[in-house]
Amino acid sequence: MSRYNARVTEPKWQKAWDEAEVFKAERDDSREKYYVLEMFPYPSGRIHIGHVRNYTMGDVVARFKSARGFNVLHPMGWDAFGMPAENAAMENNTHPGTWTYKNIADMKEQMKPLGFSLDWTREFATCDPEYYGKQQAMFIDMLDAGLIYRKNAVVNWDPVDMTVLANEQVIDGKGWRSNAPVERKELTQWFFKISDYSDELLEALDHLSEWPEKVRTMQKNWIGKSQGLQFSFDMNGGPDGFDKLEVYTTRPDTLFGASFAAVSADHPLAKALESDPKVAAFNAECRRMGTSAEEMEKADKRGFDTGLTVSHPFIEGVELPVYIANFILMDYGTGAIFGCPAHDQRDLDFARKYGLDVKAVVSADGENYEVGTVAFTDPGTIINSDFLNGMSIDDAKADVISRIEAREMGKGVTNYRLRDWGISRQRYWGCPIPVIHCDTCGIVPEKKENLPVKLPDDVSFDRPGNPLDRHETWRNVDCPKCGAAAKRETDTMDTFVDSSWYYARFTSPNAETPTDLAEAEYWMNVDQYIGGIEHAILHLLYSRFFARAMEKTGHLPKSAIEPFNALFTQGMVTHEFYATEKNNRTVYHNPSEVIRTAEGATLRTTGEEITVGPIIKMSKSKKNVVDPEDIIDQYGADTARWFVMSDSPPERDVEWTAAGAEAAWKHLQRIWRMTVEIDEGDANGTADDALALAKATHRAIDDVTKGIEGFAFNKAIAKLYEFTNTLQKSKAGKADKQAAMQVMAQLMQPMTPHLAEEVWALMGGQGMVTTAPWPVVDPAMLVDDTITLPIQINGKRRSEIKVAKDLPKSEVEKLALADDAVIRALDGNAPKKLIVVPGRIINVVI
RNA sequence: GCGGGCGUGGUGGAAUAGGUAGACACGCCAGACUUAAAAUCUGUUGGCCGUAUGGCCGUGGGGGUUCAAGUCCCCCCGCCCGCACCA
């Protein structure tokens, strides 16, 4: 019996597809298009089994839609700018570009054998000058359109390396290389005005019906629309220019419970008080935390009593102390708050720590009570609040706002948590911001005909900091406007900018302009976008904004402002990890170095005992990565593809196990064996068997189609297993089995295209299965005349009866009461209740 | 800390709209084939009690609604993702 040899078969079919150019996408206005896109990878150098899963999902959809007659666009490219290239440059003394393009070549080499239906003619990398030059052109247009501006913002500053650090490079408040405590430093930075679109981005979420609810909720919360009150307290004893303190609150109803006011350490007031060394020291301490919100919120609540007070607007003679506090974000609201400890947990923690009053002003039952360690944040009635007493929270909010407005102390405002998008990066390996700073003309965009502003190649990474800053010939240019000596902007763009429009570039990857509107009109939107849940907020929100900004500047049609029609977020691939201890240091081992048994694990080379760690996301640092190349070498691409699609639902994490891969391989071998057996098999069979097989075939078509359409690939595969079992046991004749096996090949094609081609060819299929139309289900073949109804007695399943599909309810009741188990249970009595759910279940209540 | 999600046999998981919990697969066990092993095929397999008909218990834990709860409601626990300069 011939064994299926993936190593020979897979390259053969890949060559055939290439030669027939079956995956090349071309605009054809007479055909309906379908655009499938997986989030493009960062070229780290190795593909990862997580990539295989991501791209296989996209490939299944692409191949399925293609079989369904759509004109499919399924492109691939590289998210190629970013810090790892610079880190590699520092470590290995290579140029980031050399490193990146080598990685791209390596990864492409690893992806090709997987047989994805990708149109490689559209490939690009975001670090190609042809790509980032178009991005610069759009930057200039967006600057003209008022979508970009400059303002001061804080960055993590490493005082030893004299460089800006990313949040992930700050570890416990220290620089990752220098180990020096980081400082917060203000720099003038470039921003996209995403906040202009806060409300629109929020409203439009409601129409993204094919996005996961959880992603929409996360974005909604991120945008964080709130109705609140912005008003000024009169301040007592403040420094010059600080006779007022402006605060923002979403709980004006709790104003009578206020017991303190607090400002951020970055607030102008806090800075103005820094002549006091104690204030300066406290502020410096707060600023030592790095810039991430997470760090600030996790830190112990701490405050500094400034000795200043503010007057309560409604309670004569009451003054509240003003603190500088480490948990107030300067970026949200006004950077200053009033604290009502009874009804906000952070304020309560703070108040308990500093011995401030805690007065309940909202009560569930209208009665007064003592607040313990948990703030009361539920709805209720206002108490202890003078003219607000007895009101609901909403009425009290409205009342306080109107009174404050009447006294001209402030006003009700709509506030958003969403901040403008800071895109300045003080780094080399990114898209240069195409502007020039001229002493006379100010900020002048580069002339479009001079684009791209290319990154200079002659740079060194032997010292920290941005090489562009010290590159004199690159930096010193003539002002495009007046011709005087001027300086180029040395900040480059956040890599999120690169990934905010690549989907649009794929529709016309060689256009002289950023997009070709006719192509964009035809191919946009992305019909199915697939990627990791970790991108739920930033990448997806930025892309939604950027599409709008592109539309405003004429680079996308109006119809494409919401670029992703459907979104699917897939889970990670996980694996247990292996560790040994050496000299008190943990050493991690790759799964390929390990012999794993049911009891434990040993090192392949030395037989040393190994600790088996929990199942976690595959990561380089824990070395628990499985190399797809090894899997392909051992079993072939189809096995890898089949395995990552089977078992786990795609939105959930999947654990890579050697046993699972082995099982996938066995199944594919079994399919091939069956194919050969059918080919060599008996022509004779009965009509009954033929009908049963045909029914099973149509059942399989229906199930697999629904499975793929619903992104339930694991269920589609389970149905294919069932169909395989049925087909193997079938006594139908050769022609009938061949027909069934052809359908099997068609249904398997999206998952295991190479094997499917081979099966299709041997079973006499016309042409390639990759280009064959999807099989059509005959609904008449799905119908069964009789159904089995379970009988419950008091809610527990005790028996079952077979009845005709459309037997009337009264007849079903009679049959149920005649059932042995029911007669026994009733013991001559009448049932209390008899519930018949047609087609579903019978429940006899005794 | 805040926001979002997930939790079902030994394992991965299935279960339209509240209606048979455990489809399908792995593993285990038993059998067939084989000198033997591998491969393959067949069968069994949630736990406990029972020779058996059968009974009880079971979807992270606790409570509730219902004729009926994995599914709905309340409380709790554990794990994962994000938190704006990682990509």
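Below, read A as the first sequence line, B as the second, and so on, with proteins coming before strands; counting in each chain starts at 1. Computed from a predicted model, the values in this text were never measured in an experiment. These values consider heavy atoms only, across backbone and side chains, with no hydrogens, waters or symmetry-generated copies.
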Query raised in the report: Given the P atoms of rC81(B) and rC28(B), what is the spacing between them in whole Å?
Result: 32 Å
Report task. Please report the closest heavy-atom contact between Glu38(A) and Tyr502(A), naming both atoms and the distance. Result -> O-OH, 3.9 Å
Query raised in the report: What orientation do Trp421(A) and Phe546(A) show, parallel under 30°, tilted 30 to 60°, or perpendicular over 60°?
Result: perpendicular
Query - Rounded distance (Å) that lies between atom P of rG5(B) and atom CZ of Arg216(A) - result: 12 Å
Show me the protein contacts with nucleotides 1-3 of chain B, counting only N or O atoms at under 3.5 Å.
from	atom 1	to	atom 2	distance (Å)
rG3(B)	O3'	Asn221(A)	ND2	2.9
rG3(B)	O2'	Asn221(A)	ND2	2.8

Requested in this report: Working to the nearest 0.5 Å, report the span between CZ of Arg427(A) and OG1 of Thr163(A).
Outcome: 7.0 Å
Report task. Please determine if a side-chain N or O atom of Asn167(A) lies less than 4.0 Å away from the OP1 or OP2 oxygen of rA84(B). Result -> yes
Query raised in the report: How does protein contact run along nucleotides 15-31 of chain B, one letter per nucleotide 5' to 3', with B for base contact, S for sugar-phosphate only, - for none, heavy atoms under 4.0 Å?
Result: SB--BB--BSSS-----
Query raised in the report: Expressed in angstrom and rounded to an integer, what is the separation of Glu651(A) atom CD from rG13(B) atom P?
Result: 10 Å
**Report entry** Donor-acceptor under 3.5 Å (Thr291(A) side chain, Asn156(A) main chain)
**Finding:** no
Report task. Please name all residues satisfying side chain to side chain contact (heavy atoms under 4.5 Å, CB included) with Lys185(A), sequence neighbours left out, ordered by chain then number. Result -> Val155(A), Trp157(A), Leu187(A)
Query - Closest nucleotide among rG13(B), rA84(B), rC85(B) to the Arg652(A) side chain - result: rG13(B)
Report task. For Leu418(A) and for Asp79(A), find the nucleotide of RNA chain B with the closest heavy atom, then tell me which residue's nucleotide is more 5'. Result -> Leu418(A)
Report task. Indicate, yes or no, whether a donor-acceptor pair under 3.5 Å links the base of rC85(B) to the side chain of Gln169(A). Result -> no
Query raised in the report: What's the NE2-P distance between His535(A) and rA87(B), to the nearest Å?
Result: 10 Å
Report task. Using heavy atoms to find the nearest nucleotide of RNA chain B for Glu213(A) and Leu165(A) separately, return the residue whose nucleotide is more 5′. Result -> Glu213(A)
